[in-house]
> 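My structure is below; once you've seen it, I'll send some questions.
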Amino acid sequence: MKQLISSIVEKSISNIYSLQEKVEINIPNKRFGDYSTNIILQISSKINEPIAEIAAKAVNSILKESKLFKNVECTKNGFINFTINDEYLSAQIKEIRKQGKLYGTSSIGKGKTVLLEFVSANPTGPLHIGHGRWAAIGDNIASLLSAVGYKVEREYYINDVGNQVEKLELSVRARANNKEIPEGGYGGAYVIDLAEKLKADLNKPNFRILLINAILDDQKRVLREFGLSFDNYYSEETLHKSGKVKETLNLLDKSGNTFNEGGALWFKSMDLGDDKNRVLVKETGETTYFAADIAYHLDKFKRGYSHIINIWGADHHGYVPRLKAALKALGLETNKLEIIIGQMVALFRGKEPVKMSKRTGEMITLEEVIQEIGKDSARFFLAMTSAQSHLEFDLELAKKHAASNPVYYVQYAHARLCSIFREGHGIVLNEKADLGLLTHPAERDLILKLISIKDEIISAALKREPHIMIEYAKNLSALFHNYYHKCRILSDDLELTSARLMLADAARIVLKNVLELLKVEAPERM
RNA sequence: GGGCCCGUAGCUCAGUGGAUAGAGCAACGGAUUUCUAAUCCGUUGGCCGGAGGUUCGAAUCCUCUCGGGCCCGCCA
């Protein structure tokens, strides 16, 4: 919609002033109009005419150019406000019903592929609330990108190599033999469960693999409960076994970006924007996590995606410059790699902070959170705010609000819509209904919100900010609840009932589409 | 000491150059012979952390400053 309006305005401006301007369209406060632009203010410095005059000319031209608007007005301070004409709005109700599930999708990413890596928790214990945040946000970003036409793969990187899994194994073995866990080992209750579960396998040569798989299976199970399934699980170990890490080190060597010092092989990341040089091969001859990660990202690039996106917790943000430096050294186009840094979740029970530590085992798992507040509520809450904001997640509040929770508010709107059709089952949706009867302001507001979904999805996808869709779902629900109270849908007036049912059906479709995108249930009854 | 993020209503957060800054929760007052009251309507609530600056215009951009989170490993 915004694109449609901006192209009309751009054409007008180009016609009058021969200016090729990119016109941004906004949804203003309702009292001004349906859509607006401040383009006149922006171009006024380039044109030697009073603002009012420029605006008047533009308005004239726009009205001549397009039949989309009922009204186009300029204000003294240089805004142009647009009011969409009612015929167009009615036609969109039919369009929504025609397109159904596809309404709101677009094709701006058509032909392009995206690899989105997220969660990638260490296989050393259960997922916690922080992973839940990346799971919800990442999954939603993937869905949003699909909705705008990209082909998306969801990927999970398994850090199944190194000290941490070593320590996990030692901890489990210690527990299985009723010994104290070693210094720096894992003390959580799940370690005892694992020891119990894998007791018979302790002496098998592939014990570590069995152990990692046990944890991974558990993580996958919880992710499934959360509505998320990954396309690829990529094991760090395979990078080593296949020789890809070695290969990568050779390439870095050849590029002249390495040096030896203190018995270790270093990468000259300082030359490429990092604030320190980094070790690739330790004194012991083992490669570092960093070395494997370069190989992993080289592999991602080789797989040929149009975009590569990672979601990392803020505790990894300092890691970005060195990875980009390495990719630069390998001659790769680093702009292709986008790293979203998400801020941490602070968990509270009321005012009491809940400490989270895998080492001591003092933690609440994602699974427990899902059980406590429900999957839909967890998904909604964890994706409700911008990833770059710190999230204070209060379990008591989430639970207390279980009844007056925003997620139920939205779901209730859907259930209510469905109940209308159950109640009005005798009445068949009439394609020929006179949609011109939908003249109530609440109806107009609702339709305008419905037709903005495509803009919202595009904006949320391009900004990688799914919380925009949650805002949208809440606003749409509010407009519907309001409409429901102001206008009776089923009545003795059959003509009006037919028209309102068409609108209700369109609202049901759009709301359901949003909830599906967010992987939140759209219940028919509550 | 350096880097990144955050600071907006009592609480949780939207809004990142444009019109009189918004929502939910909480508080208070109303609405149910009605298609689901898990709802709706109304009221209260703000020096957008602070100080300078840029701009016709700043919550939004720049500088400084205060407060909070995360990071600065031959861990992963």
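Protein chains get the first letters and strands the later ones, always in sequence-line order, with residue 1 at the start of each.
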> Which listed nucleotide (B:rA76, B:rG15, B:rG3) is nearest to the side chain of A:His317?
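When the side chain of A:His317 is considered, B:rG3 is the closest of B:rA76, B:rG15, B:rG3.
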> Measuring centre to centre across the rings, with the benzene-like ring taken for any Trp, is A:His440 within less than 6.0 Å of A:Tyr483?
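That pair fails the under 6.0 Å test.
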> Starting at the 5' end of RNA chain B, write a dot or bracket for each base, bracketing those in Watson-Crick or G-U wobble pairs whose two distances are under 3.5 Å and using | for partners on another strand.
((((((((.[[[[.)..(...]]]].(((((.......))))).....[[[[[..)....]]]]])))))))....
> Does a nitrogen or oxygen in the side chain of A:Lys486 sit under 4.0 Å from OP1 or OP2 of B:rC35?
no
> Under 4.0 Å between a Lys/Arg side-chain N and an Asp/Glu carboxylate O for A:Glu155 and A:Lys300?
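Salt bridge: no.
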> Test for a donor-acceptor pair under 3.5 Å between the base of B:rC5 and the side chain of A:Gln388, counting only N and O atoms.
no
> Between the base of B:rA19 and the side chain of A:Asn81, is one N or O donor paired with an acceptor at under 3.5 angstrom?
yes
> What's touching nucleotides 9-13 of chain B from the protein side, N or O pairs under 3.5 Å?
residue	atom	partner	partner atom	Å
B:rU12	OP1	A:Glu392	OE1	3.3
B:rC13	OP1	A:His390	O	3.4
B:rC13	OP1	A:Glu392	N	2.7

> Quick one: salt bridge (Lys or Arg N to Asp or Glu O under 4.0 Å) partners of A:Asp253, sequence neighbours excluded?
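In terms of salt bridge (Lys or Arg N to Asp or Glu O under 4.0 Å), with neighbours along the sequence ignored, A:Asp253 is linked to no residue.
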> Under 4.0 Å: is that the gap between some side-chain N or O of A:Gln411 and OP1 or OP2 of B:rA38?
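Checking B:rA38 against A:Gln411, no side-chain N or O comes under 4.0 Å of OP1 or OP2.
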> Carefully, step by step, assess A:Asp293 and A:Tyr157 under the rule side-chain contact (heavy atoms from CB on, under 4.5 Å).
CA-CA 10 Å; A:Asp293 212 28; A:Tyr157 184 54; 3.9 Å; yes
> Taking NZ, NE, NH1 and NH2 as the nitrogens, is one of them in A:Glu443 or A:Lys486 under 4.0 Å from a carboxylate oxygen of the other?
no
> Using the P atom as the point on both nucleotides, what is the distance between B:rU54 and B:rU60, in whole Å?
15 Å
> Just compare B:rC74, B:rA19, B:rC35 and give me whichever is closest to any side-chain atom of A:Ala264.
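The closest nucleotide is B:rC74.
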> Taking the side chain of A:Thr75 as its heavy atoms from C-beta onward, which of B:rA19, B:rG18, B:rC35 lies nearest to it?
B:rA19
